[in-house]
Amino acid sequence: MLHLSPFWFCTNSVPGDDLIPALDAAREFGFSDVELSAIDGISEQIVAERVCDEYVAWVRARLEERGLRCVAVSGHCDLTNDRQFARFLKKLEFAGKIGATRINTRCGPACRTVKFRKNLSRAVEAAAPYRLRINLESYGDIVGTARECGPIFREIGHPSVRYNYDPGNNYRFARGEISIADDICESLEVLDCLHLKDALLRDGYICNPPIGQGEVGYAAVFSALEKRRPSIPCGLEVPQSFRVRASDFAIEQLTPAPEEVRRAIRQSLDFIAQNCVV
């Protein structure tokens, strides 16, 4: 079976901007590693404007109280937007100082590729002292499916810039018209890690059900990866706080009950335990 190592908890799986309930959930479900969420406009449990040595120390203390460590940061923003990019640099600083090894982000509109490349170069320079990897996540923008983005990574050509494959995102932006198991195998040359996120198209909206209950086809994905790369770093991401309209990708906020959130996480972990080694 596919070995997920390290296997961590993405804290945006717990809705809201309060970091503490998300860390408590990670501990409750037996994780020792987490990916802290600093996603613009979606899940800002880590706040860019607060980043300083005292803030990093406060977060580190909250992690240590629960026996957790931060291995990654979700720093998603539009890297082609100067205001958002300035916030990204603060998130990058936080990731480096907290001891993470990677920061994940989306890129920005394909029409602003020149600006993206310029700002990415600045980010790579800022990440170097921390030996921090910048992972560009499949997000249907400059970087999307593996089939589409191979030339982009070859052009970037930097060892610290890698690919974070998110099956749920690729399903969303392809509106379900994609074989994730086939596509992901085209990313192995640049693939750093995987976000386990499922997706389901229902009544004109794409939502994120528990892993194994959507249309990504995770049994086939795990099987395809195992044959080519038997072990992969991976984060569990089961966002319950929104759904996306398939026609124009507009986001609609949701307010699931805490028991619904925990049930979705538990069901996801049960499916993963049956199909992978963690």
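For reference, positions follow the sequence shown, starting with 1.
For the pair E125 and R122, the salt-bridge criterion is not met [side-chain N within less than 4.0 Å of a carboxylate O].
Using the six-membered ring where Trp is involved, Y218 and F222 have ring planes that are tilted, between 30° and 60° apart.
Pairing each heavy atom of L236 with each of S268, the nearest pair is CD1-CB, 4.0 Å. Closest approach of L132 to A100, counting heavy atoms only: CD1-O, 3.4 Å. Between H76 and R106 the shortest heavy-atom distance is ND1-N, 3.0 Å.
Considering only residues two or more places apart in sequence or on other chains, N119 meets the side-chain hydrogen bond (donor to acceptor under 3.5 Å, both in side chains) condition with none of them.
F116 contributes atom CZ, which lies 10.0 Å from atom CZ of F85 (distance to the nearest 0.5 angstrom). Rounded to the nearest 0.5 Å, atoms OH (Y163) and CD (E189) are 13.0 Å apart. In this structure, I98 CD1 and L36 CG are separated by 7.0 Å, a value rounded to the nearest 0.5 Å.
No side-chain heavy atom of Q267 sits less than 4.5 Å from a side-chain heavy atom of V238. Residues R87 and C77 have side chains not in contact (no heavy-atom distance under 4.5 Å, counting atoms from C-beta outward). Side-chain contact between P109 and D141 is absent, with no heavy atoms from C-beta onward closer than 4.5 Å.
Under the ring-ring contact (aromatic ring centres under 6.0 Å, His included) rule, F249 has a single partner from F173, Y139, Y205, which is F173.
Hydrophobic clustering of Ile, Leu, Val, Met, Phe, Trp and Tyr side chains at less than 4.5 Å, counting indirect connections, unites V34 with L196.
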Pair D40-K91, salt bridge (charged side-chain N to carboxylate O under 4.0 Å, His left out): steps then yes or no
CA-CA 11 Å; D40 281 6; K91 299 173 191 180; 2.6 Å; yes
